[in-house]
Amino acid sequence: MNQLAFIILGFCLLVYILIKVKNKQFSERESLMWIFAGAIVLVFAVFPGLLDFIARFLGVYYQPTALFLLTFFAIILILLRKEQQINGLEERVKELAQQNALIMNKIEKFIK
Amino acid sequence: MRYLIIIPCYNEALNIVKVFEDLTEFIGATRLNADILAINDSSTDNTEQVLRENKICFLSLPFNLGYSGALQTGFKYAIEHNFDFVIQFDGDGQHIPTEIQKLLNAQAENDADIVIGSRFILNSGYKHGLLRSLGTKIFTLLINMICGEKITDPTSGFQILKKEVFSRYAKMGAYPRYPDANLVIQMILEGFKVREVPVKMQLRIFGVSMHAGFWNPLFYMVHMFYSIFMIIIQYGASMFHHQKSIK
């Protein structure tokens with residue numbers, strides 16, 4: 001039953017992302033990462049033995065801890081990427097604001 | 001030579017007219033070929049109205065970019081209008097227009113790329129808070145250790161910049177939020193000639209400094225140390241060559 005719940009969860013996540021992309025609310029490029037995350041949830045749900053294997057490989061004796069650890073790292077990576085994107089956007093917004101001030105000055109001079 | 005005097009303003013409605021009048025008087029007396037440009041950093045008071053009423057040439061930012069963002073806008077204006085030098089000047093009445101002459105002389109004598117007006121070479125009577133005084137001393141020491149040069153007032157916003165310098169600043173993708181000791185170090189390591197000259201300054205007339213309070217200076221210090229650390233990582237090799245060339 002647990003396995004079935006996880007399969008449904010992974011499937012729903014994938015469908016949700018695909019609908020968002022289809023409705024142009026989410027760019028294809030950005031959605032790829034989340035499609036990948038949804039696919040991993042599905043793979044773990046279909047093959048629970050895989051999580052056992054990874055937990056043993058990492059030297060973690062309690063399976064869910066391995067899952068939390070992987071999820072934690074994935075979220076940190078996503079956060080770093082988002083921070084990087086926000087910084088890039090901030091720079092672009094600053095440039096736009098500065099250009100706006102320069103253009104407004106030209107317009108005012110032109111009107112006078 | 002054409003000079004542009006850039007005055008970043010944030011809520012300086014009470015100070016800016018006096019600053020502008022004193023500057024105009026100085027320009028008239030010395031016949032300096034200079035224009036004055038105020039940059040209204042989205043002030044919440046009536047700075048813009050005051051600038052307009054007094055026919056002061058100004059740019060108005062659509063939202064607050066902070067001191068460095070406003071300065072950088074001025075550098076972009078200076079490039080567009082083909083100025084040879086930029087003089088950074090505070091809008092709060094701290095800087096004294098007649099002291100500009102000292103910066104001009106020092107620039108001409110040394111052919112310096114950057115001339116900083118320092119409050120601390122001679123005892124100018126200017127009083128800093130305890131934390132900022134300590135910070136300035138530490139940053140002076142750091143600049144000396146990293147670049148082998150003595151800059152006593154790296155936080156001074158009273159500067160003359162050559163075209164090569166302000167063009168570089170205008171195009172910097174990440175022009176620092178606080179363009180102080182970190183930028184001085186970076187420019188020295190990039191091979192620009194930085195000189196200091198003693199100047200007098202006075203306390204701001206009205207309003208509150210951006211470094212007021214307890215947390216602002218503390219945050220500033222942490223930020224500055226981190227910024228200098230990043231420059232050391234980025235310019236490690238230049239640092240070695242620069243110190244070697246001085247010896």
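Each chain gets a letter, A, B and so on, in the order the sequences are listed, and its residues count up from 1.
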So does B/E25 have more than 12 non-hydrogen atoms from other groups sitting under 6.0 Å from CD? no

Honestly, the part of B/Y77 sitting under 4.5 Å from a heavy atom of chain A is both

Taken to the nearest 0.5 Å, the spacing of B/H81 NE2 from A/K106 NZ works out to 7.0 Å

Tightest non-hydrogen contact, residues B/P62 and A/A97, listed as CD-O, 3.5 Å

Where does A/E90 contact chain B at under 4.5 Å (heavy atoms): side chain, backbone, both or neither? neither

Verify the neighbour count for atom NZ of A/K22: are there more than 12 heavy atoms of other residues, nucleotides or ligands below 6.0 Å? no

Could you tell me which non-hydrogen atom of B/L65 sits nearest to which non-hydrogen atom of A/Q98, and how far apart they are? CD1-CG, 3.7 Å

Working to the nearest 0.5 angstrom, can you tell me the gap between A/K94 NZ and B/S68 OG? 5.5 Å

What is the minimum heavy-atom distance between A/A101 and B/S60, and which atoms define it? CB-O, 3.4 Å

For A/N105 and B/F58, work out which heavy atoms get closest and say how close. ND2-O, 3.1 Å

Under a 4.5 Å heavy-atom cut-off, does chain A meet the side chain of B/Q72, its backbone, both or neither? both

Between OH of B/Y175 and CD of A/E91, what distance do you get to the nearest 0.5 Å? 12.5 Å

Which atoms form the tightest heavy-atom contact between B/L59 and A/L102, and what is the distance? CD1-CD2, 3.8 Å

Looking at A/Q25, I want to see if its CD is surrounded by more than 12 non-hydrogen atoms of other residues, nucleotides or ligands under 6.0 Å. yes

With a 6.0 Å cut-off (strictly less than), is the heavy-atom count around CD of A/E28, excluding the residue itself, greater than 12? no

Could you check whether atom CE of A/M104 has more than 12 heavy atoms from other residues, nucleotides or ligands sitting under 6.0 Å from it? no

Within a 6.0 Å radius of atom OH on B/Y226, are there more than 12 heavy atoms belonging to other residues, nucleotides or ligands? no

